[in-house]
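For reference, the structure is listed below as structure tokens.
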Amino acid sequence: MPNFLLELGTEELPASFVRSSAQQWQRLVPATLAEESLTNDSINVYATPRRLAVLVKGLPVQQLDREEEVKGPPASSAFKDGKPTKAAEGFAKKQGVEIDALEVRATDKGDFVFVLKKIPGRMTADILTELVPQWINKLEGKRFMRWADGDLKFPRPIRWMVALLDDTVLPITLVSGSDTVKSDRISQGHRVLYTPPTPPLGKGETGGVSIPQAEDYVECLRAACVEVDRTQRKNQIKAQVEAAATKQGGYADITEDLLEEVTDLVEWPNAVVGKFDEEFLILPPEVITTIIVTNQRYFPILKSPDYPELLPYFITISNGDPAKAAIIAAGNERVVRARLADGQFFYKADLVKPLEDYLPKLATVTFQEDLGTVRAKVDRLCKIASLTATQLQITGEQQAYIARAALLCKADLVTQMVYELPEMQGIMGQKYALASGESEEVATAIFEHYLPKGAGDILPQTLTGQVVGIADKLDTLVSIFGLGMLPTGSSDPFALRRAANAITNIIWAAQLPINLHQLLAEVVAEFTASRPETPAELLEQLYEFFLQRIRTLLQEEKNVDYDLVNAVLGENDPEYTERALRDLLDARERALFLQQIRNNQTLDLIYETVNRSTRLAAQGDLDKVELEPKTAVKPELFQKSSEQAFYDAVVQLVPQTQLSKQTRNYQQLVDSLTEIAPAVSSFFDGPESVLVMDPDPEIKRNRLNLLGLLRNHARVLADFGAIVKS
């Protein structure tokens, strides 16, 4: 069973593409091999900054022969008087068979001509030669480039290619204008650490690594100081960093994002420890770690694994010669020292005046060309925060905290530190607020109002931070929507989807009884008052946008089935959609409860009863919010005992439904609906069953109203008409 190796050698690739391309090949290669019926024992994808490779083990020598049935023309046009026509002859010629091989078979659309073709399996080597260019050309990523004078695009120039089927080189050529790369068995070792036994191959390469057999790939490259196995490389880096930190008496601060990125920056990792002056430890730890991690891709060392106090050391993962570690460390230290010195200067300069004194400068910073400055945004934000606080009935000291935090939350944007390190917005605002004598509540809210910064990030924990964060995001949503700049497809430059998700998640997590329907209307009214040209449909667009986000969050994050989400949010049902926006907490609780009773099969006990009633009730005219039988039904029109039993059951249902609405204990409602099921069943199918659509319009309306009442009580939980039977 042959093994196949493909290695694509390049100039240093962006770290993000190294990981992405490996993931793409892990999907693409197995899929295309399966399409060609090429079974295999295993597929391993390897990636480093200078190469992408795939090793497929246990391939067949060739495809299996197969049979394929092909449908031809109608029998009536293929044969006349039992003799083949030109249509039959043309079909046979096209399929490469004799006329005698044609068969006539009956189908749903009449008799047709068929042929059963035997297709011999192709050689695996030939198929792979065709697939390799597809694997390369189908890779996707940002900022692809052309090089030389050709049209071939890739993130970096392709310099060599290895293509081996066992020990045989498959002839594959990549052409980019006058630049041609032909397959070979010669790979390249580490730029610095590998001393090749063969002469350099030109184009700046260090020399060749001859690979005898495809299965020898990983070991051959390791011997040339290249660890192609990304998982192995990542584990080595983690172990080396932890060991280096322990040696310095501390704990390595290893974030997953940094570990992933560094893994794709080196081919043969080597941990190098650097040091910086202890005087820089007066800087906030976040400043130091931002410089070390975000700017330099180094690992900081903590005194304790549970507290962000730093030691004056950092760890670099070098791709160079371990023998030159001292020189590498010295160079890194010079860079870090310069950056920390800048940070120290900015920090001291910013502390010269209180945070509030930076507010006037916000008038010089543009938020968005048509929306004015950041200072104008702050004014809008303060109004929205006030509206939110009023709705939540927040008064006194807490309201003062919210007003103060809303006013100061953007002030750090014009400090020198944040200008130099934008990642520090909010963080420095918190530090400078405390240094200016602001309360802990206000300072924390300045940091928290940016949260969450992405999927999976923490949410604001203080009420002040939650209200100011919601206000900030609502202002951005309403303002950008007001300009008609709605997100389209994958384009969302102002991160409006993330903002709406954040607002929803904050409300849910903090159990805030915010009426988003009303709050959006108030914010839109404020915005429209200053911009009369605002589109009239703005508010409806925002309502629909939030409903889309709530729908997505319930399905993707809360794992609620799509039909149950529809049953809570409504499908073209204004009453339901408005109810969801007025009470997001209730909408979430109802969706989660519906999923729970579906999972434990309680939903099945009431589904048929409620759904059948709902379908028939749609033919009546009873208002969907009416719950009181005494105002909707006339008992004197009853003709059967089942009608009276149904009516009595609905009367008993009223207090249970009202209690469920007040307490959000929907189990009580479901229990009551379960108890009423026998009475409804007798109404439909028992010995005393009735014809709902009675010829007498008064009796028919009375019976439809009975069903409408049951539907309405069930609608307190959900629109059962939207639920799909399990």
Side-chain angles (χ1 to χ4, degrees), residues 4-22 24-25 28-29 32 36 45-56 122-212 214 217 220-221 224-226 228 264-265 267 319:
F4 174 65
L5 167 68
L6 170 67
E7 183 192 58
L8 198 65
T10 69
E11 298 291 347
E12 270 74 2
L13 294 164
S16 59
F17 183 75
V18 175
R19 184 182 181 191
S20 168
S21 59
Q24 291 179 64
W25 270 8
L28 178 63
V29 173
T32 52
E36 296 292 343
V45 177
Y46 304 106
T48 82
R50 294 181 67 211
R51 67 201 75 228
L52 304 174
V54 59
L55 178 60
V56 186
R122 298 174 62 203
M123 298 301 294
T124 297
D126 296 336
I127 297 171
L128 290 171
T129 302
E130 296 174 2
L131 288 180
V132 167
Q134 295 180 34
W135 295 346
I136 297 170
N137 292 327
K138 286 186 177 181
L139 286 173
E140 298 177 350
K142 298 178 180 178
R143 292 183 290 276
F144 274 40
M145 62 177 288
R146 296 186 181 91
W147 63 96
D149 55 355
D151 293 325
L152 185 62
K153 292 182 180 180
F154 211 68
R156 295 294 184 271
I158 298 172
R159 295 307 190 198
W160 76 88
M161 179 168 50
V162 176
L164 290 177
L165 190 62
D166 281 342
D167 61 349
T168 303
V169 176
L170 295 188
I172 303 172
T173 302
L174 296 177
V175 178
S176 182
S178 59
D179 194 1
T180 302
V181 178
K182 295 184 177 181
S183 59
D184 203 335
R185 67 174 68 251
I186 305 299
S187 180
Q188 298 295 319
H190 193 282
R191 283 194 188 275
V192 177
L193 301 176
Y194 176 58
T195 303
T198 56
L201 300 181
K203 293 185 181 178
E205 302 302 342
T206 56
V209 178
S210 180
I211 303 174
Y217 176 66
C220 284
L221 268 293
C225 298
V226 176
V228 295
D264 295 322
L265 291 174
E267 293 197 312
N319 196 41

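None of the values given here were measured: they were computed from a predicted structure.
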Fill in: Qualifying residue, where the test is side-chain contact (heavy atoms from CB on, under 4.5 Å) with Leu152 and the options are Val175, Ile158, Ile136
Ile158
Practice prompt. Test Glu267 against every option in Arg191, Arg51, His190 by the side-chain hydrogen bond (donor to acceptor under 3.5 Å, both in side chains) rule and name the one that passes.
Written response: Arg51
As an exercise, state the distance from [atom1] of [X] to [atom2] of [Y], rounded to the nearest 0.5 Å.
X: Leu55; Y: Tyr217; atom1: CG; atom2: OH; result: 9.0 Å
X: Thr48; Y: Leu265; atom1: OG1; atom2: CG; result: 11.0 Å
X: Arg185; Y: Leu170; atom1: CZ; atom2: CG; result: 10.5 Å
X: Ile172; Y: Leu128; atom1: CD1; atom2: CG; result: 7.5 Å
X: Glu130; Y: Arg122; atom1: CD; atom2: CZ; result: 4.0 Å
X: Leu139; Y: Ser21; atom1: CG; atom2: OG; result: 6.0 Å

Closest heavy-atom pair and its distance - [X], [Y]:
X: Lys138; Y: Gln24; result: O-OE1, 3.9 Å
X: Arg159; Y: Trp147; result: NH1-CD1, 4.4 Å
X: Ala125; Y: Leu165; result: CB-CD2, 3.8 Å
X: Ser183; Y: Ala163; result: CB-CB, 3.8 Å
X: Asp264; Y: Pro49; result: O-CG, 3.3 Å
X: Pro212; Y: Cys220; result: CD-SG, 3.8 Å

Side-chain heavy atoms of [X] within contact of [Y], under 4.5 Å:
X: Leu164; Y: Val169; result: yes
X: Leu52; Y: Leu13; result: yes
X: Val132; Y: Phe4; result: yes
X: Met145; Y: Pro157; result: yes
X: Glu7; Y: Met161; result: no
X: Val29; Y: Trp135; result: yes

Worksheet, complete the sentence: For Asp151, the salt bridge (charged side-chain N to carboxylate O under 4.0 Å, His left out) test, sequence neighbours excluded, returns Arg146
Discussion item. Is it the case that the side chains of Glu36 and Thr32 hold a donor-acceptor pair, with the cut-off being a distance below 3.5 Å and no angle test?
Written reply: no
Worksheet entry | Listed partners of Phe17 passing ring-ring contact (aromatic ring centres under 6.0 Å, His included), at least two apart | Phe144, Phe154
